[in-house]
Number of protein chains: 2
Amino acid sequence: MEKLRRLKTAESEKISHLDYFNIAISVDCVIFGYDKNELKVLLIKSDLEEFAGAYSLLGDLIRTDEDLDTASYRVLKERTGLDDVYLEQVHAFGALDRHPSGRVITIAYYSLVDISNHKLQLDTNELHWHPVHTIRKLAFDHKLILDTCMNRLQTQIMERPVIFNLLPEKFSLRELQKLYEEILGTELDRRNFRKKIAVKDWLQDLDEMESNLSHRPGKLYALKKEFRHKSVNA
Amino acid sequence: MEKLRRLKTAESEKISHLDYFNIAISVDCVIFGYDKNELKVLLIKSDLEEFAGAYSLLGDLIRTDEDLDTASYRVLKERTGLDDVYLEQVHAFGALDRHPSGRVITIAYYSLVDISNHKLQLDTNELHWHPVHTIRKLAFDHKLILDTCMNRLQTQIMERPVIFNLLPEKFSLRELQKLYEEILGTELDRRNFRKKIAVKDWLQDLDEMESNLSHRPGKLYALKKEFRHKSVNA
DNA sequence: AATTTAATGTGTTGTAAATACATATTTGTA
DNA sequence: TACAAATATGTATTTACAACACATTAAATT
C-alpha cells in the first residue's frame, strides 16, 4: 500500500492514471493428477451464470502483497490442502473478452500432484477430477489454457524429471511407462523405454518388489533425491 | 468500461473489491537486432531517479482496451516505427519489489527485427542498440528478463525458423551461420551446419550471388514464403 | 597473364544414439 | 503342473551427429 501511494501521488502521469488499475490479474492452475491409468485435471463448477454448468480451472485474483508463484501456491493450498507440489508458470492470457465480468488477465500455471497420496475434500466444494482426454469445453478460455499447459507438460517430461510428481514415491517401471504413454498419447517399446530412462539416471533402485499383483511383480524405484521438486520459474 | 462497470457492481464480492485493481500490468519487449556480426538489444535510458543512468527495456502499461500481444506490438511500433516484426511472449514477472514505484506485473516478450532495413529515430528518444554480450546490469529486473528471453531465443532458433527475422531478405549461408554462432555462443562446422540447414528445408535458393566482396561470393538464399512470420503466442 | 588470397562448396568415414525385434524368467492362479 | 501375465534383458539395424580435407571460384596483386 505504501508503495502504491507513492506511485499514485509522486510518480509519472502515465502510471498514476487510475484507468490503468482497471485491469484485474489472476492466476489459473491446471492441476494434473494421475489415477487408474488416466491423466486427470482438477476442475470446479463455474459460479458464473454465463457459464452455468460448465467447469473451470482453479484460480483466483492476485493479491497486492503476493508474487505470482505465491499466488498460485495459495490457490493450490486453499483448494486442495496440498503444499508440496510441482508448479510451473506457462503463459499469460489476456484476450479482451476472456472474462465476461470485466478485464482480467491471467497467468497460467500447471502443477502435478500425486492423487493417491491425498484425500481432497472434493465434494464439499464441487471439485472434481476429470479425465483430460474427455474434456471438450470449459468456461472462459480455460480449454485453451488447458491445451497450452498440456503441450508444455508433454515437452517437459522428455527433458526434465517432472513426471514423478504424479506418481507415488515408489513405483515400477511399468507404471512409469504407462504414465508416459498416457501423457504423450503414444505407445512405447518397453525395452527402448527402459534404456532411455536408464541413460537419464534419474532413478534409484529400491531393492523392493511390487506386491498384491496377480502376476510377476516388478522392481520398485524412486526418483533420486537430488531431482525432487526443482521447479523452473525463470 | 462497460464491462468493468458490470464487474464492479453486479459481480462477486471478491472481484469487486477495489484493492485488486491496485496492481498495474505492463509489457516489456526485448528487441533483438543484428548488425556488424553482433547481436544487439534496443534499450532506453531509464527515466526513474532510482535507476539514474541505467538502461531499461522498452515497455508500457497495458491499456484496458488492448490485449497482451497488441500492447507489445504497440510499444514496438511507437518506439521503433516497425510493425512487421516477430514477437513472442516469454514469461510473466511479478516480484513484489520489481518496480520501485509500486506493484507492477509485467509480461515479457522478445522480438526480432532486421536493423539494416530500418532507420530508427534513435537519438531523439534516447534509444540505443547495445551489444547483448556487454550488458552487465539493467534497471528493474530487466537483466533477468533479458537473460530469460535470450535463453528462449537460443532454444527457438534450433527448432523453428525465427532467426531469419534478424536478417535482410537475402542472405548467404555464411551470414546465417555467423548469426547462429553469435546467438549460441559457439563455433559451428561449416559443412555440418549446411547439412543441418538443408535438412530443415527452410530456404529457397535465389540463384543470385553476393556482390561487392573482396573474395569469392556465396549464393544468396531467402526464407521460403510459407515460413515467414509465424509467431506462436499460444 | 600468372599468382596469391580468402572464401565457397561439397563428400566420407567413424561413432553414438534411436529403433526394431525375440526369448527366457518369475509369480499367482486354475 | 500347466497356464496366464507380466518382468527382464540383448542384438542387429538404421539413423543422426561429429570430425575432418580437398577442389573451386572470384578478386586483388604482382
Side-chain angles (χ1 to χ4, degrees), chain A residues 34 36-38 154-161 163-164 167-168 170-223, chain B residues 34 36-37 154-161 163-164 167-223:
Chain A
Y34 182 60
K36 306 210 178 66
N37 291 329
E38 266 188 329
Q154 288 177 333
T155 65
Q156 289 289 302
I157 61 170
M158 305 309 293
E159 294 168 11
R160 310 196 312 113
I163 199 172
F164 305 97
L167 289 172
K170 302 175 180 186
F171 51 86
S172 69
L173 291 177
R174 173 179 39 81
E175 292 173 302
L176 181 62
Q177 181 177 344
K178 283 273 173 247
L179 178 50
Y180 266 96
E181 290 175 335
E182 168 74 1
I183 293 176
L184 297 175
T186 58
E187 301 242 305
L188 302 171
D189 179 87
R190 179 158 38 94
R191 292 156 288 187
N192 294 334
F193 173 76
R194 284 164 186 240
K195 264 180 277 184
K196 208 173 216 165
I197 293 295
V199 163
K200 295 193 192 289
D201 202 31
W202 289 337
L203 299 187
Q204 180 156 59
D205 185 336
L206 293 176
D207 277 319
E208 288 179 64
M209 306 297 269
E210 292 179 291
S211 54
N212 295 324
L213 297 173
S214 65
H215 55 77
R216 176 176 174 181
K219 281 192 192 177
L220 289 177
Y221 294 83
L223 180 66
Chain B
Y34 181 59
K36 307 208 178 65
N37 292 329
Q154 288 177 332
T155 64
Q156 288 289 298
I157 61 172
M158 305 308 292
E159 293 168 10
R160 310 196 315 114
I163 198 172
F164 306 96
L167 289 172
E169 190 168 329
K170 302 174 179 185
F171 51 85
S172 68
L173 292 177
R174 172 179 40 80
E175 292 173 302
L176 182 62
Q177 182 178 343
K178 283 274 173 250
L179 178 49
Y180 266 94
E181 290 175 336
E182 168 73 3
I183 293 176
L184 297 175
T186 57
E187 302 242 306
L188 302 171
D189 179 87
R190 178 160 39 97
R191 292 154 289 187
N192 294 336
F193 174 76
R194 285 166 184 238
K195 265 177 281 184
K196 208 174 216 164
I197 293 293
V199 163
K200 296 193 188 289
D201 202 32
W202 289 337
L203 299 186
Q204 181 155 57
D205 186 335
L206 293 175
D207 276 318
E208 288 179 67
M209 305 296 270
E210 291 180 290
S211 54
N212 296 325
L213 296 173
S214 65
H215 57 76
R216 175 177 176 183
K219 281 192 191 178
L220 290 175
Y221 294 83
L223 181 65

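Each chain gets a letter, A, B and so on, in the order its sequence line appears, and its residues count up from 1. Below, each value reflects all heavy atoms present in this structure, side chains not excepted, and no hydrogens, waters or symmetry copies. Just so you know, these numbers come straight off a predicted model, no measurement behind them.
The interatomic distance linking B:Lys200 (NZ) with D:dA16 (C1') rounds to 12 Å, in whole Å. Remark: C1' of C:dT8 and CG of B:Leu176 are 15 Å apart, rounded to the nearest angstrom. Separating the CZ atom of A:Arg174 from the C1' atom of C:dT27 is a distance of 13 Å, rounded to the nearest angstrom. The NZ-C1' distance, from A:Lys196 to D:dT9, rounds to 18 Å in whole Å. When the P atom of C:dA6 is taken as reference, atom CG of B:Leu213 falls 14 Å away, rounded to whole Å. Regarding A:Asn212, its CG atom lies at a distance of 21 Å from the P atom of C:dT26, rounded to whole Å.
Across all strands shown, B:Arg191 has heavy atoms under 4.0 Å from base atoms, whether or not it also approaches the sugar-phosphate. Nucleic acid contact for B:Lys195: base, since at least one base atom lies under 4.0 Å from a heavy atom of the residue. Residue B:Arg190 is in base contact, counting any heavy-atom pair closer than 4.0 Å across all strands shown. Residue B:Leu173 is out of contact with every strand shown, counting any heavy-atom pair closer than 4.0 Å.
Among the nucleotides D:dA18, D:dA8, D:dA5, the one closest to the side chain of A:Lys219 is D:dA8.
Nearer the 5' end of DNA chain C, as judged by each residue's closest nucleotide, is the contact made by B:Met209, out of B:Met209 and A:Pro217.
If you check distances only, the side chain of A:Arg216 does reach the base of D:dT7 with a donor-acceptor pair under 3.5 Å.
Put simply, A:Arg194 has a side-chain N or O that comes within less than 4.0 Å of OP1 or OP2 on D:dA8.
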Under the side-chain contact (heavy atoms from CB on, under 4.5 Å) criterion, do B:Tyr221 and B:Leu167 qualify, and how do the steps go?
-> CA-CA 11 Å; B:Tyr221 294 83; B:Leu167 289 172; over 6 Å; no
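Separating the CG atom in B:Leu184 from the CD1 atom in B:Ile157 is a distance of 4.0 Å, to the nearest 0.5 Å.
A salt bridge links B:Lys178 and B:Glu181; the closest N-O separation between the charged side-chain nitrogens and carboxylate oxygens is under 4.0 Å.
Although no hydrogens or angles enter the test, the distance criterion places no donor-acceptor pair under 3.5 Å between the side chain of A:Gln204 and the main chain of A:Ala222.
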